[in-house]
Number of protein chains: 2
Amino acid sequence: MRYELYYWPGIQGRGEYVRLALEEAGADYADVARERGMGAMMKMMEASGTPPFAPPFLKAGKLLIGQTANILLYLGPRHGLAPKTEAGRLWMHQLQLTIADFVLEIHDTHHPLGPSLYYEDQRGPAKKRTAEFWKQRVPTFLGYFERVLENSGGPWVAGRRISYVDLSLFQIVAGLRYAFPKRMKAFERRIPGLVDLHDRVGSRPNIRAYLASDRRIAFNEEGIFRRYRELDG
Amino acid sequence: MRYELYYWPGIQGRGEYVRLALEEAGADYADVARERGMGAMMKMMEASGTPPFAPPFLKAGKLLIGQTANILLYLGPRHGLAPKTEAGRLWMHQLQLTIADFVLEIHDTHHPLGPSLYYEDQRGPAKKRTAEFWKQRVPTFLGYFERVLENSGGPWVAGRRISYVDLSLFQIVAGLRYAFPKRMKAFERRIPGLVDLHDRVGSRPNIRAYLASDRRIAFNEEGIFRRYRELDG
């Protein structure tokens, strides 16, 4: 089956967590808005009786699945990227939902007054929120995932087999390095396990090939992870 | 099986979406932190090899399940509160995750600079974020759910049978009425379907009995929905 992924064509954003899973799995997929334009994506959103609230969404045969973590819940066990047991699947999904919460807080560092105003109109509040984010939220979230990784017995979050959660944690580390190079550099000694996991994900053959291809969109200031010098402390 | 729900004892918060499902289902459950204190909750968080990031979490036999939407994903088909088909379950979960996104934005109206600072230290930004929230985000989110309800053929979001998503939408309408009585009153004529759904959920025997009992915690200014007069426009 050829999947169709629908996501904004110019950013990694939330679509990237799905792309990484499809790429690691070697799945056949079209990145529709990049290949056929935004019109195809908008048409699909309006035509469905069960419309997604927002991209990303995935067409898998007759199914149209929205919400990043929901898409991964569907793909995971089908492509060896999640345990087969109910307990294992729920646990991976729980971690992915916690990553989704963190992603929203990352986004809010540059958009504390809401997603519908420009960054330029909320620079002061963004500075305050970012300071709080690095003081309180990064240690809490990344400290949690570091502990979860330790508890797992390794080498991956689910234990012996890689899962979509590992791929998403790779993206979190890569994104924080892009957006906050100075802050992240200082913080990384507190999360040696996650840094090592990032490197191991990045050196897997399918992921390495993907990152070197033009299918990987570069980080930029339209996405979740934005590099604004004044926020890097 | 007697479930154990773990959540902060003084607020409805995110635990309420789970409570409403358990109550509608007539399930047997303990609300642990309310009955046995916070110590029991903290102990459970620390003892688990698969610890939740935060409450709420549910103990169901040997399973310990965290993240509100994940708990409902588990409970739904077991208690007739979600379709049995994979497509139906994914669709309900997708809607619940969209509700979770909305809940986070509701929370951010009074905490735009982050969850670790007091409201009193972010009143100015809260006013701006709330104005934007009512101008842009409420119409977008509630307009979406109103359309989804229309598309379903009714009377419920999943069609003929009630689901946990209907219970959560009840809570959203009730919460917005509590937190923003003036703004919500003006807005409700744009979402007649959701207002009607709220009333139908509230008059179901198990929900009505729950709302009248002391198991329902009253809305208050420690939860997600807070009534601050200066934010009500």
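What you see is a predicted model, and the numbers here were worked out from it, not measured in a lab. In what follows, chains carry the letters A, B, and so on, assigned in the order in which the sequence lines appear, proteins first and then strands, with residues in each chain numbered from 1.
- Summarising the geometry, atom CG belonging to N70(B) is positioned 11.5 Å from atom CD belonging to Q96(A); distances are rounded to the nearest 0.5 Å.
- For chain A, the option among V148(B), T98(B), N151(B) with the highest count of heavy-atom pairs below 4.5 Å is T98(B).
- Neither the backbone nor the side chain of F145(A) comes within contact range of chain B; no heavy atom of the residue lies under 4.5 Å from a heavy atom of that chain.
- Within 6.0 Å of CZ in R2(A) there are more than 12 heavy atoms belonging to other residues, nucleotides or ligands.
- Comparing A87(B), P125(B), P51(B) by how many heavy-atom pairs each has under 4.5 Å with chain A, the most go to P51(B).
- Atom NE2 of H111(A) and atom CG of D108(B) lie 13.0 Å apart (nearest 0.5 Å).
- Ranked by heavy-atom pairs shorter than 4.5 Å toward chain A, the options T140(B), L90(B), T109(B), T50(B) are led by T50(B).
- Listed options G114(A), G66(A), A69(A), G49(A) were ranked by heavy-atom pairs under 4.5 angstrom with chain B; first place goes to G66(A).
- Listed here is the closest heavy atom pair of P112(A) and R129(B): O-NH1, 2.8 Å.
- Of the listed residues E86(A), Q136(A), K135(A), the one with more heavy-atom pairs under 4.5 angstrom with chain B than any other is E86(A).
- The two atoms that bring H93(B) and L73(A) nearest to each other are CD2-CD2, 4.0 Å, heavy atoms only.
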Please tabulate, for side-chain N and O atoms in residues 53-62 of chain B, each donor-acceptor pair with protein atoms closer than 3.5 Å (sequence neighbours left out).
{"from": "K59(B)", "atom 1": "NZ", "to": "G61(B)", "atom 2": "O", "distance (Å)": "2.7"}

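- Looking at P115(A), only its side chain comes within 4.5 Å of chain B, counting heavy atoms on both sides.
- Heavy atoms of R147(A) lying under 4.5 Å from chain B are absent altogether.
- Between L97(B) and T68(A), every side-chain heavy-atom pair lies at or beyond the 4.5 Å cut-off.
- No side-chain heavy atom of K128(A) sits under 4.5 Å from any side-chain heavy atom of L117(B).
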